[in-house]
Q: 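Sharing a structure below in structure tokens format, with a few things to ask.
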Amino acid sequence: MSVKVSLKGDIKEFDKGTSVAEIAKSIGAGLYKAACAGKVNGNVVDLRTPITEDCQLEILTFSEEEGKKAYWHTASHVLAQAVKRLFPEAKLAIGPAIDNGFYYDIDLSRPLTQEDMPKIEAEIKKIIKEGLSIERFELPANEAMELMKEQNQTYKVELIAEHASNGEAISFYKQGEFTDLCAGPHLMSTANLKAIRLTSATAAYWRGDAKNKALQRIYGIAFPKTSELEEYLERIEEAKKRDHNLLGRQLGYFTTVDYIGQGLPILLPNGARVIQLLSRFVEDEEQRRGWQLTKTPYMAKSDLYKISGHWDHYQDGMFVLGNPEKDDEVFALRPMTCPFQYQAYLSKPRSYRDLPLRYNETSTLFRNEASGEMHGLIRVRQFTLSEGHLMCTPQQLEDEFKNCLDLVIYMLNTLGLYEDVSYRFSQWDPENREKYIGTQEQWNEAQGTMERILKDLDIPYVIGVGEAAFYGPKLDVQIKNVHGKEDTLITIQIDQMLAEKFGMEYVDADGTKKHPYIIHRSSIGCYERTLALLLEKYAGALPTWLMPEQVRVLPISDRLIDQAKKVEAKLSISGVRVTCDTRSEKIGYKIREAQLEKIPYMLVIGDKEVEEGTVSVRSRKDGDLGSMLVAEFLAKIQQEIVTKAK
RNA sequence: GCUACUAUGGCUCAGAUGGUAGAGCAGCUGAUUCGUAAUCAGCAGGUCGCCGGUUCGAGUCCGGCUAGUAGCUCCA
């Protein structure tokens with residue numbers, strides 16, 4: 001009995017039951033050694049999988065995404081094995097491959113510290129050297145349960161219990177003395193691993209629930225070549241140099257003060273300037289697109305939040321002024337603008353002719369984040385959001401949603417961040433009903449509408465179950481910081497619940513009263529976070545139109561200060577943000593400082609320039625551009641500013 | 001909130017085993033007047049995050065708090 005296997009176009013015959021690994025071996029020893037997993041008719045399989053029928057087969061190596069995952073998954077098992085050897089009492093939880101390496105969550109008698117890492121790494125190297133072959137076996141659920149109970153692996157027992165109901169056998173992988181519950185796939189031997197580095201050890205809750213026990217999570221990364229590992233680590237180090245939390249402080253964008261408090265950054269002149277530029281740009285663009293600016297209070301009585309549902313669903317996140325138990329009147333700082341802008345809608349009776357009604361606001365919000373959440377400018381307790389709420393009829397919803405998305409994409413393109421974002425369709429979690437308002441039907445309808453729109457626009461997205469707002473589904477624009485941590489930059493939400501709660505209505509053409517659909521949306525996100533990501537994206541060298549200081553005039557000697565000042569004045573009067581470095585320093589020194597501050601253009605003024613009425617232009621990215629007339633330079637930089645060139 | 005780490009002049013960092021603070025850069029003063037990433041010299045600057053404890057003596061050891069960092073949880 002033989003099977004026909006199509007390998008990259010070639011069809012080869014093998015005995016029925018030949019494993020993927022053996023097929024790889026028949027192609028070449030090199031491929032066999034590099035093989036991480038197989039792909040049969042598009043499905044990723046373990047190398048040990050027997051081929052029992054004609055199929056398309058691909059051998060996956062580390063260069064393929066799924067191959068990498070198998071490689072890292074095996075690395076996580078070796079990590080667990082090493083920890084087990086050093087801490088025999090360790091209980092294993094889960095150890096998956098992730099986008100950048102792998103981790104293993106382990107219950108240990110004590111937390112790990114940085115000193116433990118080299119010891120674990122040394123043990124890992126030993127295990128790799130031992131070249132333990134990795135074997136797969138299956139057990140019926142009850143026997144699997146017994147095996148894990150014997151080893152006192154309570155977390156595994158819990159996992160098996162969940163799988164037991166579907167009647168399938170439970171698979172294990174064994175290498176040397178170490179056996180782990182695992183679906184695979186895995187490499188054939190620990191010897192196939194090469195360069196492993198443990199990157200950090202932190203705590204992580206069992207099953208990601210803060211109510212559960214905190215386990216020790218060890219993160220690591222692995223590569224088939226030492227040089228690749230070194231390159232990776234170097235890349236990480238380079239990325240960290242772009243960290244806004246470092247650059248933003250160094251370059252005078254923001255600072256923090258311990259006695260002001262966590263998550264309450266001071267925006268220094270540079271930071272405040274960029275945010276001013278961004279918000280002007282946003283408000284102008286929104287006006288062009290039919291949005292009307294409102295300015296609403298920063299706080300309200302609890303009564304308002306009781307109507308909106310924030311009091312019941314968001315109180316932990318709010319700064320409440322006063323004691324709800326004792327005081328007659330309790331206020332709270334606003335965590336969102338929605339209920340305030342709705343009052344503008346409610347200020348008079350509305351007709352379908354008024355819709356769509358678009359309100360925008362540059363709105364400062366206050367959210368009482370848990371103390372461990374704050375991070376530079378990315379996660380703070382007071383921030384300013386480019387916010388808006390749009391009231392429309394069901395017929396208008398789709399077009400208006402698309403318009404909102406178009407605005408978002410326009411903003412992202414202008415900032416140069418479009419290529420760095422991904423979309424997340426954030427849905428509710430029906431298992432967790434108490435977190436949300438509204439009925440199953442309302443959620444199905446709102447989510448169905450959003451899904452239809454996204455499909456129609458052909459937007460690629462991932463689904464985030466349980467990521468919805470308490471009042472409706474969201475389309476979140478996600479972005480990663482230099483550490484690879486993902487955050488929401490911008491969001492567009494569909495809400496059909498709050499209009500009803502607030503009694504927002506419009507009189508339709510047929511004379512009946514109806515509740516409008518509401519779109520909650522941001523256009524450029526919150527300014528602090530967007531600034532942070534811009535600083536990281538451009539390593540501090542923001543596009544010229546956004547730079548707090550666009551030009552610095554550098555006289556070569558004190559004799560030329562007057563002339564330099566004239567150039568400064570000429571540019572300044574034309575709206576260019578320019579300064580003049582009048583210190584008695586050498587030109588090389590002045591240039592070095594301007595360069596380190598990422599000033600887009602340095603204008604060197606010497607005798608020659610004064611004589612010719614020119615300036616010697618140096619760009620931060622292209623160096624010396626030679627000399628040109630002041631008017632020429634002005635035209636050049638104005639062009640760059642108007643087009644918002646990146 | 002949880003786990004780990006960190007906190008020394010404006011910034012970056014030294015200060016084994018507890019004996020009363022040191023450098024570079026920045027700043028100030030003077031000299032230098034210079035052509036595309038650091039001119040030279042001098043001066044000044046710190047109750048070592050805060051509170052408490054141990055000790056004859058604490059930057060150093062212990063506890064608490066505050067803030068910062070990474071991760072978890074939570075979220076724009």
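Chain naming here is simple, since letters A, B, ... match the order of the sequence lines and numbering starts at 1 in each.
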Q: Under a 3.5 Å distance rule, please check whether A/T488 uses its side chain to pair with a backbone N or O of A/D476 as donor and acceptor.
A: no

Q: Please state the P separation for the pair B/U54 and B/G42 - nearest whole angstrom.
A: 46 Å

Q: Answer with yes or no whether A/Y205 presents, from its side chain, a donor or acceptor under 3.5 Å of a partner atom in the base of B/G1.
A: yes

Q: Can you check whether A/Q262 has a side-chain N or O nearer than 4.0 Å to OP1 or OP2 of B/G68?
A: yes

Q: Find which nucleotide of RNA chain B each of A/R249 and A/R529 is nearest to by heavy atoms, and output the residue with the more 5' nucleotide.
A: A/R249

Q: Taking 4.0 Å as the cut-off, does a side-chain nitrogen or oxygen of A/Y219 come that near to OP1 or OP2 on B/C72?
A: yes

Q: B/G22 and B/A14: how far apart are their C1' atoms, nearest whole angstrom?
A: 7 Å

Q: To the nearest Å, how far apart are A/L215 CG and B/U73 C1'?
A: 13 Å

Q: Starting the side chain at C-beta, find the nucleotide from B/A38, B/U66, B/A76 nearest to A/E369.
A: B/A76

Q: Answer with yes or no whether the side chains of A/Q276 and A/R273 bring together a donor and an acceptor at under 3.5 Å.
A: yes

Q: From B/A38, B/U39, B/U73, pick the nucleotide closest to the side chain of A/R592?
A: B/A38

Q: Is NZ or CZ of A/R381 both nearer than 6.0 Å to the six-membered ring centre of A/F319 and within 45° of the ring axis?
A: no

Q: With A/E286, which of A/R358, A/R521, A/R280 fulfils salt bridge (charged side-chain N to carboxylate O under 4.0 Å, His left out)?
A: A/R521

Q: What nucleotide among B/C75, B/G68, B/G27 has an atom nearest to a side-chain atom of A/R583?
A: B/G27

Q: Given B/G27, B/G1, B/A37, which nucleotide is nearest the side-chain atoms of A/A370?
A: B/G1

Q: Given B/G35, B/A38, B/U32, which nucleotide is nearest the side-chain atoms of A/S584?
A: B/U32

Q: Students often get this wrong, so: under 4.0 angstrom with heavy atoms, is A/G606 touching a base, only sugar-phosphate, or nothing?
A: base

Q: In Watson-Crick or G-U wobble terms, both distances under 3.5 Å, what is the partner of B/U6?
A: B/A67

Q: Side-chain N or O of A/R618 less than 4.0 angstrom from OP1 or OP2 on B/G35?
A: no

Q: Between A/E283 (side chain only) and A/L293 (backbone N and O only), is there a donor and an acceptor less than 3.5 Å apart?
A: no

Q: If you check every side-chain atom of A/Q595, which of B/C2, B/A76, B/A37 has the closest atom?
A: B/A37

Q: So, is A/H375 near the phosphate of B/A70, with a side-chain N or O under 4.0 Å from OP1 or OP2?
A: yes

Q: Choosing from B/A76, B/G35, B/G71, which nucleotide comes nearest the side chain of A/F383?
A: B/A76

Q: Say we look at B/C28 and B/G10: how far apart would their P atoms be, to the nearest angstrom?
A: 15 Å

Q: Under a 3.5 Å distance rule, please check whether A/D429 uses its side chain to pair with a backbone N or O of A/G466 as donor and acceptor.
A: no

Q: Respond yes when some side-chain nitrogen or oxygen of A/K485 is under 4.0 Å from OP1 or OP2 of B/C72, and no when none is.
A: yes

Q: Could you measure between the two P atoms, the one in B/G46 and the one in B/A21, and give it in whole Å?
A: 13 Å

Q: Looking only at heavy atoms, what is the nearest atom pair of A/Y155 and A/L92, with distance?
A: CB-O, 3.4 Å

Q: Which of the following nucleotides, B/C74, B/G35, B/C34, is nearest to the side chain of A/E373?
A: B/C74

Q: Looking at B/G1, I'd like to know if its phosphate oxygens (OP1 or OP2) sit under 4.0 Å from a side-chain N or O belonging to A/S371.
A: yes

Q: Could you work out which one of B/A37, B/C34, B/C74 sits closest to the side chain of A/K586?
A: B/C34

Q: In whole Å, measure the gap between the C1' atoms of B/G45 and B/C51 for me.
A: 26 Å

Q: Does a donor on one side chain and an acceptor on the other come within less than 3.5 Å for A/E640 and A/T544?
A: yes

Q: If I pick the C1' atom on B/G63 and the same atom on B/A58, what distance separates them, to the nearest angstrom?
A: 14 Å

Q: Nearest to the side chain of A/R379, which nucleotide is it out of B/U3, B/C75, B/G68?
A: B/C75

Q: If you compare every side-chain N and O of A/R559 against the phosphate oxygens of B/C34 (OP1, OP2), does one of them come in below 4.0 Å?
A: yes

Q: Distance check, P atoms only: B/U8 and B/C50, in whole angstrom units.
A: 10 Å

Q: Does any nucleotide pair with B/G35 by Watson-Crick or G-U wobble geometry, both distances under 3.5 Å, and what is it?
A: none

Q: Round to a whole Å and report the spacing from NE2 of A/H244 to P of B/G68.
A: 12 Å

Q: Report which part of the nucleic acid A/Y589 touches: base, sugar-phosphate, or nothing (heavy-atom distance under 4.0 Å, all strands).
A: sugar-phosphate

Q: On a whole-Å scale, what distance lies between the C1' atoms belonging to B/C2 and B/A76?
A: 23 Å

Q: Taking only N and O in the side chain of A/K474, is any of them less than 4.0 Å away from OP1 or OP2 of B/A76?
A: yes

Q: Indicate, with a heavy-atom threshold strictly under 4.0 Å, whether A/G372 touches base, sugar-phosphate, or nothing.
A: base

Q: Scan every strand shown for a Watson-Crick or G-U wobble partner of B/C40, both distances under 3.5 Å, and answer none if you come up empty.
A: B/G30

Q: Partner lookup for B/U55, please. Criteria are Watson-Crick or G-U wobble with both distances under 3.5 angstrom; report none if nothing qualifies.
A: none

Q: With a 3.5 angstrom cut-off on both distances, give the Watson-Crick or G-U wobble partner of B/G24, or none if there isn't one.
A: B/C11

Q: Going by purine N1 to pyrimidine N3 plus the second Watson-Crick contact, or the G-U wobble pair, all under 3.5 Å, which nucleotide sits opposite B/G46?
A: none

Q: Once you apply the 3.5 Å cut-off to both distances, tell me the Watson-Crick or G-U wobble partner of B/C74, or none.
A: none

